[in-house]
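Note sheet for the following structure.
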Number of protein chains: 2
Amino acid sequence: MSTSRSEKAYHHGDLRAALVSAALELLEGGGEAALSLRAVARTCGVSAMAPYRHFAGKEDLLEAVAARGFEDLAEALGTADASAAGAEALAAQGAAYVAFACRRPALFRLMFMTPCRKPDRPRAYGILEARAAALAGPAMPAEDLTLAAWSLVHGLAALILDGRIPPEAGGTGAVARRITLHLARLMAGVPEPSA
Amino acid sequence: MSTSRSEKAYHHGDLRAALVSAALELLEGGGEAALSLRAVARTCGVSAMAPYRHFAGKEDLLEAVAARGFEDLAEALGTADASAAGAEALAAQGAAYVAFACRRPALFRLMFMTPCRKPDRPRAYGILEARAAALAGPAMPAEDLTLAAWSLVHGLAALILDGRIPPEAGGTGAVARRITLHLARLMAGVPEPSA
DNA sequence: CCTGTATGTTTACACCGCATACAAGCGCAG
DNA sequence: CTGCGCTTGTATGCGGTGTAAACATACAGG
């Protein structure tokens, strides 16, 4: 087999994917502090400089990891959205968003910590946007609703991750669902008050 | 003068405060990457190990810096709250919160990046809580309203800082005020919709 | 004055990201 | 098959970091 890769080949096979996976593992167990390029290389059984053949630098690797995280997030939001209809669907998305952050805190931090040089929204944004647009009522333009919903769940997730919210509330995700549902209902069914 | 401090005194006078200030300066110009214990010490014209006489380690110093940041934030929220009444006061707080984050992004990140071992809320929380409680209507319990408002502005700030929101919207803070005002009005004046 | 204690300094180590120079394996003309 | 070249991984080294230990200095109270 000309393309077979022996176990101990000098060439790794596909290091790039292995590096991203290793980085993710290190991240999820041990936090961001444990994520050093050298440690990643060590985990893959490879020299410290090897990653530089596949990534421009540490930041580049982290970007790849974050991209993978955004894929996972989009998937989670998609299935959550499909699990219900109307305002409940948006609430489900909100709960899923917070749950994702709680389940993979270090990854979530990484995803939103990078100053994000490329301003393109993650694919997950589209999923939220679609649902929010469908719910937008007279009280608030669709654009503001999308932004408000995103800000709400993102802020909630961030505060939980930073330990700013009592654990019994944050842990279950009940608060996330309740608050998002409140928001969704208010946005959907309510006319602009007097002012 | 027994207490006079010569320019080149061996003892600094009050290093602790100087270190915190220096750390803040380094943080505000140059981002978090520029904040190394050694750089802080250098800025104060002192050896690299000197800070350890006043702080248990880098994390401890950062905690002190964050505490100072929370003081400033509380003050900003307080004056904003006093600048208006009713729902507009909460909107003003929201705008001030986001403005604070935009004005001092690195500090804001630091304040909410530490996993926050001591679960006590910042003093700023009380200011928001009071206003939210005063506004709480039948649509949402006061506790949820407080949490929702905080999450909303915090998430908005975080998303802006991460470059996830178009600059023309985030920069001015208009979005923050608009959205928070929407939230405040909805919470204050609107009965629970049919469901 | 003499001594104890708080405060800074020096030296040292392990780790990090990264630059450069080198070696090992694969693919493809001939 | 042979040999060349390119990709991939290695070895070594530099400047930087956080921090531990041992040392030096200035002030305070007897």
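Keep in mind that the numbers below use all heavy atoms, side chains included, and drop hydrogens, waters and symmetry copies. Labels below follow one simple rule: chain letters A, B, ... track the order of the sequence lines, proteins then strands, and each chain is numbered from 1.
Residue A:D14 contributes atom CG, which lies 15 Å from atom C1' of D:dT7 at whole-angstrom precision.
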Please output the side-chain donor-acceptor pairs of residues 99-113 of chain A that fall under 3.5 Å, not counting sequence neighbours, one pair per line with the distance.
from	atom 1	to	atom 2	distance (Å)
A:R104	NE	A:E28	OE2	2.9
A:R104	NH1	A:D72	OD2	2.8
A:R104	NH2	A:E28	OE2	3.1
A:R104	NH2	A:D72	OD2	3.4
A:R109	NH2	A:L161	O	3.3
A:R109	NH2	A:D162	OD1	2.5
A:R109	NH2	B:M113	O	3.4

Show me, pair by pair, the donor-acceptor contacts under 3.5 angstrom made by side chains of residues 35-52 of chain B, not counting sequence neighbours?
from	atom 1	to	atom 2	distance (Å)
B:S36	OG	B:A39	N	3.0
B:T43	OG1	B:A39	O	2.9
B:S47	OG	B:M49	N	3.4

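Within a 6.0 Å sphere centred on CD of B:E75, heavy atoms belonging to other residues, nucleotides or ligands number 12 at most.
Across all their heavy atoms, B:I179 and B:L152 have their closest contact at CG2-CD2, 3.4 Å. Here the shortest heavy-atom pairing between A:L145 and A:A132 reads CD2-O, 3.4 Å. Shown here for A:L24 and A:V65, the closest heavy-atom pair between the two residues is CG-CG1, 4.0 Å.
Consecutive Watson-Crick or G-U pairing (both distances under 3.5 Å) extending over three or more pairs maps onto DNA chain D as C:1-30 with D:1-30.
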- Message: Determine whether B:F70 and B:R123 satisfy the following criterion, side-chain contact (heavy atoms from CB on, under 4.5 Å), listing intermediate values before the conclusion.
- Response: CA-CA 7 Å; B:F70 277 115; B:R123 185 165 68 86; over 6 Å; no
- Message: Using side-chain contact (heavy atoms from CB on, under 4.5 Å), reason through A:W150 and B:R164 one step at a time and then give a plain yes or no.
- Response: CA-CA 11 Å; A:W150 192 13; B:R164 243 84 203 188; 3.4 Å; yes
- Report the C-alpha distance between B:L156 and B:I165 in whole Å, list the side-chain angles of each, state the deciding distance to 0.1 Å, and finish with yes or no for side-chain contact (heavy atoms from CB on, under 4.5 Å). CA-CA 9 Å; B:L156 188 56; B:I165 287 176; 3.5 Å; yes
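Side-chain contact check for B:S21 and B:R68: at least one donor-acceptor pair (N or O, by modelled atom type) lies under 3.5 Å.
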Could you pull out the protein-nucleic contacts involving nucleotides 14-16 of chain C (nitrogen or oxygen on both sides, under 3.5 Å)?
from	atom 1	to	atom 2	distance (Å)
C:dC16	OP1	A:S36	OG	2.8
C:dC16	OP2	A:R42	NH2	2.8

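Distance check: A:L61 CG to A:F55 CZ gives 4.5 Å after rounding to the nearest 0.5 Å.
Side-chain atoms of B:S151 never come within 3.5 Å of backbone atoms of B:A148 as a donor-acceptor pair (strictly under, hydrogens ignored).
Contacts of residues 20-27 of chain B with DNA chain D (heavy atom under 4.0 Å): none. Contacts between residues 45-57 of chain A and DNA chain D, counted as heavy-atom distances below 4.0 Å, involve A:V46, A:S47, A:M49, A:A50, A:R53, A:H54.
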